[in-house]
Amino acid sequence: MTATVRYADVEAGTELPAASFPVTRATLVRYAGASGDFNPIHWNERFARQVGLPDVIAHGMFTMAEAIRVVTDWAGDPAAVVEYGVRFSKPVVVPDDDTGALIEVTAKVGARLDDEARTVRVDLTARSAGEKVLGLSRAVVRLA
């Protein structure tokens, strides 16, 4: 695959399509099995509260992975992301109900970086329950 978005067609300020990602306790169990991260703060409410959390929380790497989907979907190729980093600013709290939590992600091109390499910096904002859950969330993306 190669990126489908052309470098010539974007500029700083170009907004990517926003997306929302639901997270339930079942989602966390599946992620734990796939990642091997069985820390009880991600599935055991009693334990999470004992260590000072408000409830079970989503895995940080899961939250990070859901957020970058906005970029990979937009670019048309996951391999177009050449660099990605975040700061975890707040946890995604996942209640034990039929709804769970929602991770809402917006993104825009923050800067065109290199005309020859056709790279841009994409700045992401991820929120859950009105709180910003990822800070300094940025990706460098190589476009077509």
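Keep in mind that this is a model prediction, so the values were computed, not measured.
When the side chains of ILVMFWY residues are joined at heavy-atom separations under 4.5 Å, either directly or via intervening members, L134 and I41 end up in two distinct hydrophobic clusters. Residues I57 and V133 do not share a hydrophobic cluster, defined by chaining ILVMFWY side chains whose heavy atoms lie under 4.5 Å apart. No single ILVMFWY cluster, assembled from side-chain heavy atoms under 4.5 Å apart, contains both L102 and V92. There is a path of hydrophobic side-chain contacts, each under 4.5 Å, that joins V10 to I68. There is no path of hydrophobic side-chain contacts, each under 4.5 Å, that joins V140 to V120.
Annotation: side chain of D98 is not in contact with side chain of T24 (no heavy-atom distance under 4.5 Å). Within the 4.5 Å cutoff, no side-chain heavy atoms of V122 are placed close to those of R138. For the pair D96 and V56, the minimum side-chain heavy-atom distance is 4.5 Å or more.
For the pair F38 and A32, the tightest heavy-atom approach, listed with the atom from each and the gap, is CZ-O, 3.4 Å. Contact record, V81 with V71: CG2-CG1, 4.0 Å, taken as the closest heavy-atom pair. N39 and D37 get closest at one heavy-atom pair: N-OD1, 3.1 Å. Nearest heavy-atom pair, A101 versus S128, reported as atom, atom and distance to 0.1 Å: CB-OG, 4.1 Å. Annotation for V93 and P54: closest pair CG2-CG, 3.6 Å, computed over non-hydrogen atoms. Closest heavy-atom contact between V94 and V23: CG1-O, 3.6 Å.
No side-chain donor-acceptor contact under 3.5 Å links T106 to the backbone of A126. No donor-acceptor distance shorter than 3.5 angstrom exists from the side chain of T119 to the backbone of D115, with no hydrogens or angles considered. Of the possible donor and acceptor atoms, none in the side chain of R127 sits under 3.5 Å from a partner among the backbone N and O of E104.
Distance check, rounded to the nearest 0.5 Å: CG of L124 to CE of M64 gives 10.0 Å. Rounded to the nearest 0.5 angstrom, K108 NZ and W74 CH2 are separated by 13.5 Å. Rounding to the nearest 0.5 Å places OG of S20 at 11.0 Å from CD of E66. To the nearest 0.5 Å, atoms CG (L113) and CZ (R142) are separated by 11.0 Å. For the atom pair OG (S35) and CE (M61), the distance works out to 9.5 Å, reported to the nearest 0.5 Å. Atoms CD and CZ, on E83 and R121 in that order, are 11.0 Å from each other to the nearest 0.5 Å.
Considering F62, F21, W43 in turn, F62 is the only one that fulfils the ring pair (Phe, Tyr, Trp, His ring centres under 6.0 Å) rule with Y31.
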Original post:
What's the verdict on side-chain contact (heavy atoms from CB on, under 4.5 Å) for L143 and V141, showing C-alpha distance, side-chain angles and the deciding distance?
Top reply: CA-CA 6 Å; L143 301 176; V141 184; 3.8 Å; yes
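In this structure, E11 places its CD atom where only 12 or fewer heavy-atom neighbours from other residues, nucleotides or ligands lie under 6.0 Å away.
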